[in-house]
Amino acid sequence: MKTFLKLHWSVLIFAILTGTSWAEEPLDLDKIVVTAGRKAQYLMGAPSNVTVITGADIQASGARSIPEILSQDLGVNVYDNSSAKTATLDLRGFGDTAARNVLVLVNGRKINNIDVSGPDLSRIPLEAVERIEMIRGAGSVLYGDNAVGGVINIITKKGRLGIAGRAGYAGGSFATSKSDIEVSGANRLPVTSREDDEVSYYVYSRYYDTKGYRTNSHMIAKDYDARIGYTLPEGIAVDLVTGWHEDDQGLPGGLSSAELKSLGRRGSADPKDFASTKDRYIQMSFETNPSAPGEREGGSFVLDLDYRNRDVYDAFFSFGENSTKRSIDTHGVTGKYLFSADLWERPADLVAGIDYYDHENDIRGGGSNPDDLTISKREYGVFSYLDYEFAPGWTANTGTRYHRADYDFDQRNVIVQEEQSPDEWVSMGGVKYEYGPGSNLFANVQQTFRFLATDEWYSSANFPDFGITPGLNTDLKQQTGIQYEAGIKHRFSDVFQGGVTPYMMDIDNEIFFDPVGFKNSNYDKTRRIGAETEGVWNLLKFIPGQILDQCEFHVNYTFQRPQFREGSYDGRDIPLVPRHQAGHGLRLGFGGGHQVSFLGRYVGSRFAVNDTLNATDPVKPYYVLDGKWMYRKKNYEVYAAVRNLLDEPYFIYVAKSAFSSAKDFFPAPERSFEVGMNLKF
């Protein structure tokens, strides 16, 4: 693996040094993002480490889910418990606390659950995604709670002019099958002369069924999603997004070393555990005077209203039945005002707004689980953010947020009623220098915070013989921190984009689950330092004649070192975080419709979950290579994908016992295949 890292760095350095002479066709440097500043802006001008995964990237990848496509991106570590349902995205080295420290949005709507489960990424069909925008690092000022390690905004498809449709079917390893259909379109309004006045629609449905790689890792999922847009003659845009999701899945659990030998990697010691989910949502957005980046038309206003209902039932049978039913209702209202003007004859852009969410989490246990409580959380935040170009090429940015949450605990089985009302002020400031088209230097500092999830206040563990009983833990402290970040984004001629971003993040009172006391607790202090670097090239100039019509190569590398700074773990690495990660990809197009792509990722060694003293051997590193072939014509496309092409046996999640050196291993799939076809009209 050391040889692989040396080769990876050699390729990256050589390509940067020679990048000015490569290729004839320019790369797309005009991708628009809305996530970095909660306003539309060009990607290469964003004053932070932001990337966009486009629809073309998704099609070329061969990924089947949001976690799979994100695992191939710079600095993203994805782990799960042998089930796509439990997939967690980690940005900037949070390990087993990542689910509560990375914010996930869909069309700007927050989907992080208010309990400890984290966002359900299986809820979002990848086929319905237009693009994915990602901010690495702190976003607390603009986005509030959970936005500590990063922000991921998943933007779904919408209708385009005309009418189009697609019906697809795919099948593959582990008795996996998927069928889906989508219809979309848009029409100009006949009563107005404005070119952008239109009605658009997008409707999608999917059925997914797999036996799974391991025993009791089956999953059946159904999805229905729709998006309707209406631009009025007065310049008001209305967007309605709604969806319904249902799934049933097995939970295979972990395997001890002895069970790995007796049952094999595909076995399960928990053949009866299962979970089921129903998730429904609706979102209505209103925008006045929508404009493109760079247009200085004064002010515009955006208002989002959303409602979500999520029901989850799970049952575990290792020590008799222990089941839980959770029902979460969320109402959200977010509004922002965007204003552009000249201040002292220099451009200034202001974003100011308010976020309000009202959640109610009803928890009821079954079997040996005595849970019977409702935890409510009402939160609101007000924020402002200003970009000001104080000299040619130089832009300063500053922002601040006040955020408050009110928790109500109604524990019916022991008649406990309690309230908590934490609040935080956070601020940020930074500077950016654009020294060329698509090239800039930036630096910023930002305070961060995270409030407790509703069931982090509460422990359902019931071991009275050891003095552990269910109840509230209101002594926990809220998490706060600060991040320092600097970077460079550079464009060599029209064919190379690259960047390097070093960072440091200090956190006080990071919230974690203590497996010894079976309750949540606070670390004293933690520090994360790292650097992210990547490059993308178009290599067509080096291909003689017209053999290829596409040849794109990318490479990335991430170094990160998160450590405890005080207390009994002082100087130890935070578990489940690799110090080294790398990725690379090659995309080729030829023959008037053929496309071949290869994507590889390397994840270095890391300590098992709960091994806060780094007392046991780290989990072995792994390298996975995926490949995909696709052939496209006007009315159809066929494809074949191979995942884990080298048949690497590896584990992306390993948990250590709190009382011994024993570990539970969660095997990842070995080589697998998928073939599919899409018919278009």
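Note that the coordinates shown come from a computational prediction; the quantities given were computed from them, not determined experimentally.
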Check your understanding: Do Asn509 and Thr480 have a side chain donor and acceptor closer than 3.5 Å?
Key -> no
Practice item. Check the pair Phe449 / Phe451 against ring-ring contact (aromatic ring centres under 6.0 Å, His included), numbers first and verdict last. Key: CA-CA 7 Å; Phe449 74 95; Phe451 290 154; 5.1 Å; yes
Point to revise | Residues which pass side-chain contact (heavy atoms from CB on, under 4.5 Å) with Ile66, listed by chain and number, not counting sequence neighbours | key: Leu70, Leu121, Ile124, Leu126, Val129, Ile132, Ile154
**Study point:** Side-chain donor or acceptor of Thr374 paired with backbone N/O of Ile363 under 3.5 Å
**Key:** no
Review point. Are Asp406 and Lys377 side-chain neighbours, meaning at least one heavy-atom pair lies under 4.5 Å?
Key: no
Practice item. Check step by step if salt bridge (Lys or Arg N to Asp or Glu O under 4.0 Å) holds for Asp311 and Lys325. Key: CA-CA 7 Å; Asp311 295 322; Lys325 182 178 180 180; over 6 Å; no
Practice item. Please identify each residue that fulfils ring pair (Phe, Tyr, Trp, His ring centres under 6.0 Å) with Tyr407, with sequence neighbours left out. Key: Trp457
Exercise for review: Indicate yes or no: does Asp355 engage Arg401 in a salt bridge with an N to O separation below 4.0 Å.
Suggested key: yes
Revision key, fill the gap. Residue pairs meeting ring-ring contact (aromatic ring centres under 6.0 Å, His included), one or both in residues 106-129, sequence neighbours left out, come to none
**Study point:** Ring centres under 6.0 angstrom apart (Tyr357, His331)
**Key:** no
Point to revise | Charged N-O contact under 4.0 Å between Arg131 and Asp57 | key: no
Practice item. Show your working on salt bridge (Lys or Arg N to Asp or Glu O under 4.0 Å) between Arg643 and Asp626 and close with a plain yes or no. Key: CA-CA 4 Å; Arg643 300 177 182 88; Asp626 300 330; 5.9 Å; no
Which atom pairs, one a donor and one an acceptor, fall under 3.5 Å between side chains of residues 561-569 and the rest of the protein, sequence neighbours left out?
from: Gln563; atom 1: NE2; to: Gly571; atom 2: O; distance (Å): 3.3
from: Gln563; atom 1: NE2; to: Asp573; atom 2: OD1; distance (Å): 3.2

Review point. Aromatic rings Tyr313 and Phe274: how do their planes relate, parallel, tilted or perpendicular, breaks at 30° and 60°?
Key: tilted
Practice item. Could you tell me which residues satisfy ring pair (Phe, Tyr, Trp, His ring centres under 6.0 Å) with Phe94, sequence neighbours excluded, listed by chain and number? Key: none
Exercise for review: Could you tell me which residues satisfy salt bridge (Lys or Arg N to Asp or Glu O under 4.0 Å) with Arg364, sequence neighbours excluded, listed by chain and number?
Suggested key: Asp362, Asp372
Review point. Just how far is it from atom CG of Asp223 to atom CD of Glu127, taken to the nearest 0.5 Å?
Key: 9.0 Å
Practice item. Could you please spell out the steps behind the side chain to side chain donor-acceptor pair (under 3.5 Å) verdict for Arg100 and Gln479? Key: CA-CA 11 Å; Arg100 278 87 70 198; Gln479 174 183 308; over 6 Å; no
Check your understanding: Between Thr558 and Asn77, is any pair of side-chain heavy atoms under 4.5 Å apart?
Key -> no
Review point. Would you say the side chain of Ile111 lies within less than 4.5 Å of the side chain of Asp120, judging by non-hydrogen atoms?
Key: no
Check your understanding: Can you list the steps and then say if Asp408 with Arg378 is a salt bridge (Lys or Arg N to Asp or Glu O under 4.0 Å)?
Key -> CA-CA 9 Å; Asp408 292 327; Arg378 290 172 299 280; 2.7 Å; yes
Exercise for review: May I have the step-by-step check of side chain to side chain donor-acceptor pair (under 3.5 Å) for Ser268 and Asn216, ending in yes or no?
Suggested key: CA-CA 7 Å; Ser268 172; Asn216 196 35; 4.7 Å; no
Check your understanding: Considering only heavy atoms from C-beta outward, does the side chain of Thr612 approach that of Arg572 to under 4.5 Å?
Key -> no
Check your understanding: So, for Val102 and Asn112, which heavy atoms are closest and what is the spacing to 0.1 Å?
Key -> O-ND2, 3.0 Å
Point to revise | NZ/NE/NH1/NH2 to OD/OE distance under 4.0 Å, Arg136 and Asp73 | key: yes
Check your understanding: Any side-chain heavy atom of Val151 sitting closer than 4.5 Å to one from Glu133?
Key -> no
**Study point:** Whether Thr330 side chain and Asn309 backbone form a donor-acceptor pair below 3.5 Å
**Key:** no
Check your understanding: Do Pro578 and Gln560 come close enough that some side-chain heavy atom pair is under 4.5 Å?
Key -> yes
Practice item. For the residue pair Thr501 and Glu485, establish whether any side-chain heavy-atom pair is separated by less than 4.5 Å. Key: yes
Check your understanding: Among Asp329, Asp247, Asp279, which one satisfies salt bridge (Lys or Arg N to Asp or Glu O under 4.0 Å) with Arg310?
Key -> Asp279
**Study point:** Heavy-atom side-chain contact between Arg109 and Arg308 under 4.5 Å
**Key:** yes
**Study point:** Tyr622, Phe666, Phe665 screened by ring-ring contact (aromatic ring centres under 6.0 Å, His included) with Tyr653, the one that passes
**Key:** Phe666
**Study point:** Heavy-atom donor-acceptor pair, Arg265 side chain to Ala668 backbone, under 3.5 Å
**Key:** yes
Check your understanding: Measuring from Asp273:CG to Glu321:CD, what's the distance to the nearest 0.5 Å?
Key -> 10.5 Å
Check your understanding: Of Arg280, Arg206, Arg123, which meets salt bridge (Lys or Arg N to Asp or Glu O under 4.0 Å) against Asp225?
Key -> Arg123
